[in-house]
Engineer: 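Right, I'll just put the structure down here and ask away after.
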Amino acid sequence: MDHDQARAVALSEFAGRGESPDEWEIVGPREETVVDLDGTVPCLVFDFMPRPEFDQGGRRFKLSIAVDPNTGEADMLR
């Protein structure tokens, strides 16, 4: 899976959680090792940061989605 395909998977996962991708700026991917119940998995991680015009109360936070480039599985990092 290339970076463009992984980005599409991350966007789909993000939107599936009820968020509007239009209100968020997407940064990435970056390669990162993610720990899950089965051990560690090398993933492509995309960070979603609120656009300033939609940022509530001036807080800066991000939500991150990890995509396994081998399986296409995606999940939000906690």
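Nothing fancy with the numbering, it's 1 onward along the sequence. Quick caveat, the model's predicted, so the values are computed rather than measured.
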Engineer: Please list, chain by chain and in numerical order, all residues satisfying side-chain contact (heavy atoms from CB on, under 4.5 Å) with Pro21, sequence neighbours excluded.
Structural biologist: Leu11, Phe14, Ala15
Engineer: Should Arg30 and Asp47 be marked as a salt bridge (Lys or Arg N to Asp or Glu O under 4.0 Å) after you check the CA-CA gap, both sets of side-chain angles, and the distance that decides it?
Structural biologist: CA-CA 9 Å; Arg30 69 177 185 281; Asp47 295 322; 2.5 Å; yes
Engineer: Enter the distance from Arg51:CZ to Trp24:CH2 here, rounded to the nearest 0.5 Å.
Structural biologist: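 Arg51 CZ to Trp24 CH2: 11.0 Å, rounded to 0.5 Å.
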Engineer: Closest heavy-atom contact between Phe46 and Pro29?
Structural biologist: CZ-CB, 3.5 Å
Engineer: My understanding is that only residues two or more places apart in sequence, or in another chain, count here; which of them pass side-chain hydrogen bond (donor to acceptor under 3.5 Å, both in side chains) with Asp36?
Structural biologist: none
Engineer: Can you give me every donor-acceptor pair (side chain of residues 65-74, partner residue at least two apart or in another chain, under 3.5 Å) with its distance?
Structural biologist:
residue, atom, partner, partner atom, Å
Asp68, OD1, Asn70, N, 2.8
Asp68, OD1, Thr71, N, 3.4
Asp68, OD2, Thr71, OG1, 3.4
Thr71, OG1, Glu73, N, 3.2

Engineer: Going by the side chain to side chain donor-acceptor pair (under 3.5 Å) test, which pairs reach into residues 6-18, not counting sequence neighbours?
Structural biologist: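 Found Glu13-Arg17, Arg17-Asp75.
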Engineer: Only counting residues at least two apart or in another chain, list the ones meeting side-chain contact (heavy atoms from CB on, under 4.5 Å) with Asp2.
Structural biologist: Asp4, Gln5
Engineer: List the residues meeting salt bridge (Lys or Arg N to Asp or Glu O under 4.0 Å) with Glu23, not counting sequence neighbours, and say none if there are none.
Structural biologist: none
Engineer: Side-chain contact, heavy-atom cut-off 4.5 Å: Glu32 with Cys43?
Structural biologist: no
Engineer: Check which hydrophobic residues are tied to Val34 through side-chain heavy-atom contacts below 4.5 Å, counting indirect links as well, and list them.
Structural biologist: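 Besides Val34, the cluster holds Val45, Leu77.
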Engineer: For Leu37, what are the other residues in its hydrophobic cluster, where any two members join if their side-chain heavy atoms are less than 4.5 angstrom apart?
Structural biologist: none
